[in-house]
Protein chains: 2
Amino acid sequence: MAATIRDVATAAGVSQSTVSRALSMPDLVNPATRARVLAAARRLGYQPNRAARGLITGRTGNLGLIVPDLSNPFFSSVVKGVQAAARAADYSLFIADTDEEATAEVELLLALTRQVDGIVLCSPRTPDAELARVGVESAVVLMNRRIEGRPSVTVDNADGMRQAVEHLAALGHERIAYVAGPRTSWSNGQREQGLHRSAEDTGTDLVHLGHFPPRFEGGVAAADLALASGATAVIAYNDVVALGLLSRLGARGVSVPDQISVLGCDDISMSAMTHPALTTVSIPKREAGRAGVALLLSLLADTAAAAEGAPAPHRELHAQLIVRATTGVAPHPDRRTAGGHSTKGTTR
Amino acid sequence: MAATIRDVATAAGVSQSTVSRALSMPDLVNPATRARVLAAARRLGYQPNRAARGLITGRTGNLGLIVPDLSNPFFSSVVKGVQAAARAADYSLFIADTDEEATAEVELLLALTRQVDGIVLCSPRTPDAELARVGVESAVVLMNRRIEGRPSVTVDNADGMRQAVEHLAALGHERIAYVAGPRTSWSNGQREQGLHRSAEDTGTDLVHLGHFPPRFEGGVAAADLALASGATAVIAYNDVVALGLLSRLGARGVSVPDQISVLGCDDISMSAMTHPALTTVSIPKREAGRAGVALLLSLLADTAAAAEGAPAPHRELHAQLIVRATTGVAPHPDRRTAGGHSTKGTTR
DNA sequence: ATGAAAGCGCTAACAT
DNA sequence: ATGTTAGCGCTTTCAT
């Protein structure tokens, strides 16, 4: 059996309380006895039982994180951020993967709530109404979803899309296709809004394709539609879909970016490793994870304020267009100053 | 406050013991009272406090997983397998990321041990000797590392490499370069052994390059050495390194697989998404995760056997060469039956 | 079949 | 500055 606080107390010749205090409120004990206690603790390899502590303090020292798919590189990065922030604050982290199932989300939420002080719910698939109905004890921070009255961390997806459209418009593109992600995705909705607004502002035609599953195969399937649409540039719901586009376009012998430009979103690490590399709208994934934990901790710090009808805190992060040295985005084929394309332009 | 077992007892008009029994030993209570208890529990939204239960049963119902880097796609897949298996067995999962730091590994091991029944330690970076010194209460299963007397799950890396070499030899390659991974990696050691043995068996020249960091940049850095080595085929420590090779070779205008063949290892999902797709040695990552949990659970089931000097259980999984439709591997440039290369062969 | 009571390891009043 | 006591929510004897 592992050493308990009693063993340490006996070994140090003091009472349990003294041991407890020596460990968690060091200034309240005599330096000499504290030293004795610490020595005994180390000698016995004592590790406090956090479950027992939580039973009385009401705080578990654990946080929970629920994500749709751990093997999706987007979520891996978020998880990494959450994990780092949790550890820095001396919290342990429960992680659960729902396999994209909305029902598993509520289930896990309920199962976790008793074991943690707070939960980060990442990119929830559960409908707003149902999510509102779930009453959990723990503090819950939503990530990549905004619900009025709920703490949340989001990214300015619409602005990210605006940057993308303005970039393409500046390069002379007049007709842009968007390969849409899942209908139920909040992020996709935000992105569509941003696209439509900035397409209008820049006087660009926007062709809406999909919805497609947010995977490689989604991009493969969308490629032919994108070509047929007459668009000279395609924006994909995310980088993985953009990679699918690149693959299918390559297979059809269509050159990127010479014949058509491809733009991704998320800035997963793979997006920099392809030929050509992807121009993409970078989402600060790790930062979002950190921010989620920070929000959670602030919520836990003053539960009083939370009980009062204080407005739910919300943190919005910035999305940033990334253009790489070699990239899948080029000027409109007819508007290039360099190369022999200008002739072609006047021929029309 | 959340409902406790007392609240349920009061609501159902029975004692705490009866509620407890109704929930965990259903046959020991009268069906009628059980129904009453369950109804009350549901009505109050009762969720048992697992920490309190663990305090008395000595089992936490939690498992721990320690990995070097969550955002590495290899580990994401392993995590996914562990997570699924844990959930299926009604265990919650603590996950910790060490950021590749060996010291963090021991630290986390110590911190986790009190909160979990068992731990999967994935691809440990800690030296054997130090790892042996760490005495943890919980059952620990090693993954991707074999230490005598310790339960572990490994993959037959050497055989995977043998398959790769035999494939290349059959295609006529006579000189193969290996871009080595980290010196301290157990897997890399296994792979090197397999490579050397099968190179000898097939009468192939093996050129050893590196060690290189197991990242994209590692492959980029190794590409020029590989070209200069005179090898007609390169095997990379893993797929990410192989992608780095592809990138740099492409930048130098070297055609893959026409001029040089590239082979990866791990079968991360990205390996199927490139142009050309990677031929790779597939490691059953999810399966390894599942196997780790299975081993852990069997260990927990009969702690008696574990206490007796029963041999530490070990599970070895199979690695499998994957050749895709379009791939980065082709026959030796001089030995191709199709195309105009045969002339070139005789010219020499 | 059910209830009463003890106790898991720990912290937080309340003494001293 | 330290010790004593009660009790967190639960399971498990031991009675009944």
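What you see is a predicted model; the values in this text were computed from it and never measured. Every chain is numbered from 1, with letters handed out A, B, ... down the list of sequences. Only this structure's heavy atoms are used, side chains among them; waters, hydrogens and symmetry mates stay out.
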- Message: What I want to check is whether an N or O donor and acceptor connect the side chain of A:R114 with the base of D:dG9 at under 3.5 Å.
- Response: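 A donor-acceptor contact between them is absent.
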message: Check this for me: does the side-chain of B:S17 come within 3.5 Å of the base of C:dA4 through a donor and an acceptor?
response: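 Yes, the side chain and the base share a sub-3.5 Å donor-acceptor pair.
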Using atom [atom1] of [X] as one end and atom [atom2] of [N] as the other, report the distance to the nearest whole Å.
X     : N      : atom1 : atom2 : value
B:D27 : C:dT2  : CG    : C1'   : 15 Å
B:R6  : C:dA4  : CZ    : P     : 12 Å
A:M25 : C:dA13 : CE    : C1'   : 11 Å
B:N49 : C:dG9  : CG    : P     : 16 Å
B:R59 : D:dG9  : CZ    : P     : 23 Å
B:L28 : D:dT16 : CG    : P     : 20 Å
A:I56 : C:dG7  : CD1   : C1'   : 14 Å
B:Q16 : C:dC8  : CD    : C1'   : 15 Å

Worksheet entry | Over 12 foreign heavy atoms within 6.0 Å of CZ, A:R6 |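 No, the 6.0 Å shell around CZ holds no more than 12 heavy atoms from other groups.
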Checklist line | Among A:Q83, A:R87, A:K80, side-chain hydrogen bond (donor to acceptor under 3.5 Å, both in side chains) partner for B:D99 | finding: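 Option passing the side-chain hydrogen bond (donor to acceptor under 3.5 Å, both in side chains) with B:D99: A:K80.
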- Query: Between A:R145, A:E105, A:R133, which is the residue that forms a side-chain hydrogen bond (donor to acceptor under 3.5 Å, both in side chains) with A:T126?
  - Reply: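 Among A:R145, A:E105, A:R133, the one that satisfies the side-chain hydrogen bond (donor to acceptor under 3.5 Å, both in side chains) with A:T126 is A:E105.
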Q.
Below the 4.0 Å mark, does C:dT2 have OP1 or OP2 next to a side-chain nitrogen or oxygen of B:S15?
A.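 For C:dT2, neither OP1 nor OP2 has a side-chain N or O of B:S15 closer than 4.0 Å.
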| Presence of A:T18 side-chain N/O under 4.0 Å of D:dT2 phosphate oxygens OP1/OP2 |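 Negative; the distance criterion is not met.
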When all nucleic acid strands are considered with a 4.0 Å heavy-atom cut-off, which category describes A:T57: base, sugar-phosphate, or nothing?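 If one applies the 4.0 Å heavy-atom cut-off, A:T57 turns out to touch the sugar-phosphate alone, with no base involved.
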Discussion item. Heavy atoms only, 4.0 Å cut-off, all strands: where does A:R21 land among base, sugar-phosphate and nothing?
Written reply: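 Base contact.
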B:S77 side chain to A:S71 side chain, donor-acceptor N/O pair below 3.5 angstrom =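 There is no such pair (donor and acceptor under 3.5 Å, judged by atom type) between the side chains of B:S77 and A:S71.
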For B:N30 and for B:A52, locate the closest nucleotide of DNA chain C by heavy-atom distance; then report the residue assigned to the nucleotide nearer the 5' terminus.
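Nearest nucleotide further toward 5': that of B:N30.
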Q) Hey, are the side chains of B:D97 and B:D69 touching, using non-hydrogen atoms and a 4.5 Å cut-off? A)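 SC-SC contact between B:D97 and B:D69 confirmed.
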